[in-house]
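Worksheet: the structure to be examined is printed underneath.
Basis for what follows: all heavy atoms, side chains included, without hydrogens, waters or symmetry-related copies. Not measured: the values here are computed from a predicted model. Order of listing sets the numbers, starting from 1, for every ligand and every atom in it.
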Amino acid sequence: MGRKAETHCRAAIESDILTSPCLCNLLFIFRLLYTSLQGQPIIMKTAVISVSFLEMRDVIGAATAAQTYFRASMDGCVAYMNTYTIPKLVQNRVRTWYNYTWASQGMLDESELLDKMPLVMRIAIAVDINLATFQKIQLFQGCDQQMLVDMLLRLKSIIYLPGDYVVMKGDIGKEMYIIKSGAVQVVGGPDNSIVFVTLKAGCVFGEISLLQSAKDGGNRRTANVRAYGFANLFVLEKKDLFDILVHYPESQKVLAKKGRQLIKSKAAAGAPAKEEKQKGLALFGQKPPTPKLLKAFGNLRKAGLLDKLKKGAEET
Ligand SMILES: Nc1ncnc2c1ncn2[C@@H]1O[C@@H]2COP(=O)(O)O[C@H]2[C@H]1O
């Protein structure tokens, strides 16, 4: 994006403030108020109109603060990229990400907004916005409702640009995704030209490698997933999911069972062949054989002999 285009973007952001729904609503209410006050004493008109002006000033102030924060963040990032002479192509993608994020949600990080609120308010907001979507997700059917609420509180919202890879086959799965809006495609084959499936809003992906055990590379991504157009995703980290599941053993069983079913059904299309799985493992090299002494130590532990030996040593 050249200087001209950037100036154009800035102008668009500024005009966003003037056309923001909040401000338009306020102007409309202001006009309505003025009309309805016709015939009222002048003191009443003055009081109502001054209060409306104060409200308007607050709305504009809030919008300007958000815009200033956005601009500072984008300018800082552009300066950083220039310092490190990041290729223009990457710089353009970053700028597109900033502009799209601003245009679509009017802020860079939604979670920052809710962070400072008391828990009870965050729960109320999260439940109101997302619980209904979560209750419809097949993977979570049969899970504890409170567990879903706990999950909602840990979600992070993130935007991917068209064509960006969200997960890569063979990588270790560290998070799962729920599509908030937009779509992604599960792809594979030569140059990722085969589209196995297109997933839309409300669908989950990236769950297979999370729900499998790490044994034999089960925690590796079974397919490539690419954003199809702009995709706004919720991310749930594996660590957060497992922290929550500790408190819901029944839901843990439900998810484990579903995980086993998923690997059979879904991953059939994107799952790596056996040799490929081995290759993935080879990235970290063959696991060295356990030395004999350690094996013997392991057997002692298993048999509970270690505890007995410790006890014996304490008694003597
Ligand atoms: N055939 C398929 N249908 C739908 N989703 C799939 C299919 N194959 C793979 N996936 C998704 O692609 C994801 C890749 O990462 P995971 O293996 O963690 O989890 C996988 C699934 O969520």
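Not one N or O on the side chain of Glu237 forms a donor-acceptor pair closer than 3.5 Å with the backbone of Lys239. Without hydrogens or angle criteria, Lys136 side chain to Gln141 main chain gives no donor-acceptor distance under 3.5 Å. In terms of modelled atom types and a separation under 3.5 Å, the side chain of Ser73 and the main chain of Tyr69 share no donor-acceptor contact.
Neither the backbone nor the side chain of Leu262 comes within 4.0 Å of ligand 1, counting heavy atoms alone. The parts of Phe205 lying near ligand 1 are both backbone and side chain, judged by heavy-atom distances below 4.0 Å.
The ring-ring contact (aromatic ring centres under 6.0 Å, His included) check on Phe205 picks up Tyr177, with sequence neighbours excluded. By the ring-ring contact (aromatic ring centres under 6.0 Å, His included) test, Phe242 pairs with no residue at all, sequence neighbours left out.
Heavy-atom contacts of Thr222 reach the following atoms of ligand 1: 9 (C), 14 (C), 15 (O), 16 (P), 17 (O), 20 (C) (cutoff under 4.0 Å). For ligand 1, the atoms closer than 4.0 angstrom to any heavy atom of Glu207 are 18 (O), 19 (O), 21 (C), 22 (O). Against a heavy-atom cut-off of under 4.0 Å, Ala223 is close to the following atoms of ligand 1: 9 (C), 14 (C). Atoms of ligand 1 found under 4.0 Å from any heavy atom of Ser209, numbered from 1 in the order shown, are 16 (P), 17 (O), 18 (O).
Closest heavy-atom approach to atom 19 (O) of ligand 1 among the candidates Gly188, Gly206, Gly259: Gly206.
Taking the six-membered ring for Trp and the full ring otherwise, Phe134 and Phe140 have centroids separated by under 6.0 Å.
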